[in-house]
Amino acid sequence: MVDISPDSGWPEHLLQSVTERIFLGLADARQRVDDPAQLAVPLLNVRDLRDGHAPPLEALDKRAVGAGADVERYTVRADDVVVTCRGTQLKVAGITPSTAGALISANLIAIRAGTEVLPAVLLAFLQSELGRSALLQRGRSSTSSLSLTPKSVGQLSIPVPPLTVQRQITGLVSAAEQNHIAAIRAAEQRRAVALAVALELLRGESRQRPGERS
């Protein structure tokens with residue numbers, strides 16, 4: 001397993017020095033989506049993040065913005081990482097191509113990797129126990145709720161291995177992600193079959209198992 005902890009011996013850098021952008025989301029003024037002077041744009045909220053993933057654009061609620069508004073500054077791209085900056089629960093998720101183009105709410109901070117750190121390495125660090133602890137340490141307020149800013153996130157130190165090691169980390173993260181997706185799909189299929197059988201039994205129908213005689 002590849003070690004990217006501070007004890008690994010890799011040089012550490014401030015996150016702000018190895019990222020392209022760290023930015024806060026758009027404050028929701030709750031404008032009317034049916035206003036002809038507004039554009040309806042998918043908005044990614046904290047509640048949308050589950051198990052380190054963000055849903056595709058079509059599954060997101062819409063947020064109305066002015067037709068001439070500069071929405072690009074609040075828009076996430078593929079391989080960005082988003083973290084919660086307010087609330088009671090820390091969530092970290094990677095942005096895939098299916099979610100790219102969404103606005104992020106003001107309760108989220110997006111981090112865009114630069115040229116020195118591969119996106120998968122950034123995500124692996126921030127989702128690790130080490131990265132989460134660092135975020136919580138900087139983000140805990142006196143009321144025990146999260147209070148992170150782009151500046152405080154940028155002050156985190158991250159180990160930066162050579163690119164050869166980063167590519168190895170990327171391969172491990174990608175393989176783990178594919179296994180995770182496959183496991184979820186298999187579980188959903190088993191659940192669907194079980195619910196279908198349960199519904200048949202509720203209706204008084206019987207399903208003959210292979211090898212059974214009627």
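Quick caveat, the model's predicted, so the values are computed rather than measured. In what follows, residues are counted from 1 in the order of the sequence shown.
Salt-bridge formation is not detected for the pair Asp48/Lys91: no Lys NZ or Arg NE/NH1/NH2 atom is positioned less than 4.0 Å from an Asp or Glu carboxylate oxygen.
By the 4.5 Å heavy-atom criterion applied to side chains, Arg138 and Val153 are not counted as neighbours. Gln127 is not listed as a side-chain neighbour of Arg132, based on a closest heavy-atom distance of 4.5 Å or more. For the pair Glu200 and Leu202, the minimum side-chain heavy-atom distance is 4.5 Å or more. In this structure, Leu146 and Thr88 have side chains that are not in contact, with every pair of non-hydrogen atoms separated by 4.5 Å or more. By the 4.5 Å heavy-atom criterion applied to side chains, Ile169 and Leu118 are not counted as neighbours. In this structure, the side chains of Leu123 and Val121 stay at 4.5 Å or more apart for every pair of heavy atoms. Side-chain atoms of Gln166 and Val160, non-hydrogen and from C-beta on, do get closer than 4.5 Å to each other. Contact annotation: the side chain of Ile158 approaches that of Leu122 to within less than 4.5 Å [non-hydrogen atoms, C-beta and beyond].
Although no hydrogens or angles enter the test, the distance criterion places a donor-acceptor pair under 3.5 Å between the side chain of Thr84 and the main chain of Gln89. When atom types are taken as modelled, the side chain of Thr19 and the backbone of Gly114 share no donor-acceptor pair closer than 3.5 angstrom. Judged by distance alone, the side chain of Ser133 and the main-chain N or O of Glu129 form a donor-acceptor pair under 3.5 Å.
Among residues two or more places apart in sequence or in another chain, the side-chain hydrogen bond (donor to acceptor under 3.5 Å, both in side chains) test is passed with Thr149 by Ser152. Not a single side-chain hydrogen bond (donor to acceptor under 3.5 Å, both in side chains) links Arg21 to another residue, sequence neighbours left out. Remark: Ala100 engages Ala78 in a side-chain contact (heavy atoms from CB on, under 4.5 Å) (not counting sequence neighbours). Glu116 meets the side-chain contact (heavy atoms from CB on, under 4.5 Å) test with Val18; sequence neighbours excluded.
Rounded to the nearest 0.5 angstrom, Ser174 OG and Arg167 CZ are separated by 15.0 Å. Note that the SG atom of Cys85 and the CG atom of Leu24 stand 5.0 Å from one another [nearest 0.5 Å]. Expressed to the nearest 0.5 Å, how far CD of Gln189 lies from CZ of Arg185 amounts to 9.0 Å. Rounding to the nearest 0.5 angstrom, the gap separating the CG atom in Leu103 from the OG atom in Ser105 is 10.0 Å. Atoms CD and CG, on Glu12 and Leu156 in that order, are 10.5 Å from each other to the nearest 0.5 Å. The distance from the CG atom of Leu43 to the CG atom of Asp61 is 7.5 Å, given to the nearest 0.5 Å.
Heavy-atom minimum distance, Ala124 versus Val173: CB-CG2, 3.9 Å. Residue His13 comes nearest to Ser17 through the heavy atom pair CB-OG, 3.7 Å, listed as atom of the first residue, atom of the second, then distance. Closest approach of Ala113 to Val117, counting heavy atoms only: CB-O, 3.4 Å. Heavy atoms only, all atoms of each residue included: Ala120 and Thr170 are closest at CB-OG1, 3.6 Å.
The neighbour count for Glu58 CD, taken as heavy atoms of other residues, nucleotides or ligands under 6.0 Å away, is above 12.
Placement of Phe125 and Leu14 in two distinct hydrophobic clusters is found when ILVMFWY residues are connected by side-chain heavy-atom separations under 4.5 Å, directly or transitively. Under the 4.5 Å side-chain contact rule for hydrophobic residues, Leu163 and Val165 share a cluster.
Its side chain within the 4.5 Å cluster rule, Leu57 clusters with Phe23, Leu44, Val46, Leu49, Leu60, Val76, Val82, Ile95, Ile104, Leu108 among the Ile, Leu, Val, Met, Phe, Trp and Tyr residues.
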Apply side-chain contact (heavy atoms from CB on, under 4.5 Å) to the pair Asn107 and Asn45, showing each step before the final yes or no.
CA-CA 7 Å; Asn107 291 330; Asn45 282 291; 5.6 Å; no
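The side chain to side chain donor-acceptor pair (under 3.5 Å) analysis of residues 69-83, with sequence neighbours excluded, yields the pairs Asp80-Arg112.
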